[in-house]
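To start, the structure itself, in structure tokens.
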Amino acid sequence: MSKFTWRELLDLNDKEKAWKSSLSCIGHIDMNAFFAQVDQVRYNLSVNDPVVSVQWSSIIAVSYAARKYGISRLDTLESARVKCPHLVAVHTATFLKGERIWKSTPLGKFPSPYEHKVSLDPYRREGRKILQIFQKHCDLVQKASVDESFLDLGRLVFKVLLLDSDEVMLNEQQLEALKEIKAMYKTQKYSIDDQLPPIPKLSQDLFPAIGNVIKEEGSAFIYTDWDDLVIAIGSMLTDMMRKDVFTETKYFTSCGVSNNKSLSKIASDFKKPDTQTIIFNKAINIFLDNGCFELTDFWTLGGNKGKEVLDLLECPKFDKQSINHVRETWPVLEDLQKAMKDRYVDLSIFQKFTFPLKDCDSMCLKIFNLTRGSWKEPVNSRPLVKSMTSNKNMRGDACKDLADCASWLQVFAGELELRINELQEESNKLLIPKTISVSIRSENRSSIHSKSGPFLMGRSSMTRDEFFLLIFDTAVPLVKELDMVYKDTVYPLTGLMLTLSNFEIIGKGSTIVDMFNRPKREFKDDSKEIKLQPVAEKELKKRKTFFDSSLETKKNVEDEKDSFVCDECFKKFNDQQDLSEHKDYHFALNLSIGMNGIEKHKTILNASKLDLMTRKRLAGDQSKKKSIKDFFSPKR
DNA sequence: TACTCACAG
DNA sequence: GGCTGTGAGTA
């Protein structure tokens, strides 16, 4: 007989219960040197090219081909070139100061940090592409960062064992082996708390785990119960998904499969690249005691808190024995809790801890389980976004006054609009931020000031340009306030940051109902436009005057038929020569626009219009038509 | 709500 | 070291 019950197996079919079942099966998949892989594929390079992804002069990702030369993330571009003369250094995409769209950087080019801002958009996109592949197969995926995800494999394993699976095609022998259990399930010839029958004969041969199986050196590993079979099938599933990722994107991944998140995460990191590591329940201690990990390698224990715990539990330092030490010294939870609290009290005379005494018990519970590989947490499919920020660290005089702040805010507003739009299109949801915040940083890192306020999506329908302007318009008064208070001490800034947060996420086409049960908002299913209820009259009037004056400007310029006028931005030129040079600029711009996903037929605001708006915002209110027109006139 | 800090990749 | 992100604490 099995030591597991039907209930524990059936719980796998329930998203709420699967993670805590003793038969749980969780995968963690991690992209290897993700940015470098994205750049390698994006620039049509080969896996054998020593690619590094570069931001200014520092390296942010090192491909495995480049690692062969001993290059690490700590190298500068120069020192990496010394180690590998034919290094392929790819700079990240960038925004130009004052522009709304990012452009890929051609190979061999290195933009100046003084007038550019890095865009990580290409990587985010690829990250989402991969997430979607996981979601195509698996019903419960938690994106942990741009390049890693947790997967609750419960339902998939359940399907393989008890139903017909279309994810893993079973051969005749495999089907035959599972015939009995499937029949029992189908005919319900069991009580829920009955023990399961023994695992089928030859399970181990028929369902071999795929990947790097952790086991005791030199000894045979033998499947004995259903948890072994579940983990083995989990490894078949992650293998299948990783192969799908590879055929779709050419990206290599590493992966860990075990019964819980923290273990799978450590396992996925164990052997890289392109390898999955499988930890059967009976091999957990062997894995944790293999001399490769510390208590501080567990998620959330990597920082100060982890150090404090090592200290409080008097763990041996530098010999990777902390996990073993804690497990062997305190076989009983209560003893561990008492030991930590006693020492906490003793030490707190001399030092302050990052967590209060009352948290010791829950900390110990977690540590007690972590060191036994039995700390279980649910896989949460996380919301699309909580906040979105665009930020730049400044050097030199890159941001020396309010006008510079405004120029960078254009970039930030452009980036945020771009990213929100992308997310909306991909998820078919509307993302409506409710608060906005601007932060400035000066010389010493610690002096950061921020100002935030409500973000009012006022208009009943909003184009992308209008949304961009609204972000910019809302940000400028905030930065002006900061400028007013701190201008004597902060310039030149060492950092500027714009954050949208508190997102309301609404399914397109669905109707939100307010507290009186009336529809609050309406959306056209086929429309990408954002429709919202009107706001205060005052707010509307303010906007209207702005948009009207802007339209009028456009018209005014169009009227001047006698000169050379660009038909895209209505800028005037003295002669055909200047005009055609200017057209080249639009050609380049449009290429980027295509890349950024803005449809070409939509008008976008070009740089000269942006400058105009900056000045208007800074001037404080709507300027006269005359002066607006002046900005559109050629300089000469 | 506004702001700061810790942690992570 | 630069650029993001999240969650918790504080007033």
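In this text the structure is predicted, and so the values were computed from the model without any measurement. The sequence lines fix the lettering, A, B, ..., with proteins before strands; numbering per chain opens at 1.
- Comparing A:V118 and A:V385 along DNA chain C, the residue whose closest nucleotide (by nearest heavy atom) sits nearer the 5' end is A:V118.
- Rounded to whole Å, the distance from CD on A:Q142 to P on B:dG9 is 13 Å.
- Applying the 6.0 Å contact sphere to NZ of A:K271 captures no more than 12 heavy atoms from other residues, nucleotides or ligands.
- The nearest whole Å value for the distance from the CD1 atom in A:I60 to the P atom in B:dA8 is 20 Å.
- Two rings, from A:F95 and A:F412, have their centers 6.0 Å or more apart.
- The side chain of A:K305 has B:dC7 as its nearest neighbour among B:dC7, B:dG9, C:dC3.
- At a threshold of 4.0 angstrom between heavy atoms, the contacts of A:L74 with the nucleic acid are absent.
- Atom CG in A:N393 sits roughly 9 Å away from atom P in C:dT4 (whole-Å rounding).
- Backbone-only engagement by A:L301 is indicated by non-hydrogen atom pairs under 4.0 Å involving sugar-phosphate atoms exclusively.
- Nearest to the side-chain atoms of A:D147 among the listed nucleotides C:dG1, C:dC3, B:dG9 stands B:dG9.
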> Stepwise, does the side-chain hydrogen bond (donor to acceptor under 3.5 Å, both in side chains) test hold for A:T435 with A:S501?
Replying inline: CA-CA 5 Å; A:T435 81; A:S501 56; 2.7 Å; yes

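- You'll find that the side chain of A:N391 is closest to C:dT4, out of C:dT4, B:dC3, B:dG9.
- A donor-acceptor pair under 3.5 Å links the side-chain atoms of A:S63 to the main chain of A:V51, judged by distance alone.
- Ring geometry for A:H28 against A:F150 counts as tilted: the plane angle lies between 30° and 60°, on a 0 to 90° scale.
- Between A:K307 atom NZ and B:dC7 atom P the separation is 8 Å, expressed in whole Å.
- In this structure, A:K366 places its NZ atom 12 Å from P of B:dC7, rounding to the nearest Å.
- Relative to the side chain of A:K265, the nucleotides B:dG9, B:dC3, B:dC7 differ in distance, and B:dG9 lies closest.
- Nearest nucleotide to the A:Q55 side chain, out of B:dA8, B:dC3, C:dG2: C:dG2.
- A donor-acceptor contact under 3.5 Å is formed by the side chain of A:R73 with the base of C:dG1.
- Each of B:dC3, B:dC7, C:dT4 was ranked by its minimum atom distance to the side chain of A:N304; first place goes to B:dC7.
- Regarding A:F34, its CZ atom lies at a distance of 19 Å from the P atom of C:dC3, rounded to whole Å.
- Of the candidates C:dT6, C:dC3, B:dG9, the closest approach to any side-chain atom of A:K386 belongs to C:dT6.
- Both A:S387 and A:R395 lie close to DNA chain C; mapped to their nearest nucleotides by heavy-atom distance, the more 5′-ward contact belongs to A:R395.
- Of the listed nucleotides (C:dT4, C:dG2, B:dC3), C:dG2 has the atom at the smallest distance from the side chain of A:W56.
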>> salt bridge (Lys or Arg N to Asp or Glu O under 4.0 Å), that's the test. Do A:E415 and A:K117 meet it? Break it down for me.
In response: CA-CA 10 Å; A:E415 172 168 43; A:K117 181 209 176 304; 3.1 Å; yes

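- Between the CD1 atom of A:I448 and the P atom of B:dC3 there is a distance of 13 Å, given to the nearest Å.
- If you measure from atom CE of A:M497 to atom P of C:dT6, you get 12 Å, rounded to the nearest angstrom.
- Not one side-chain nitrogen or oxygen of A:S450 sits closer than 4.0 Å to the OP1 or OP2 atom of B:dA2.
- Checking B:dT1, B:dC3, B:dG9 against every side-chain atom of A:N502, the shortest atom distance belongs to B:dT1.
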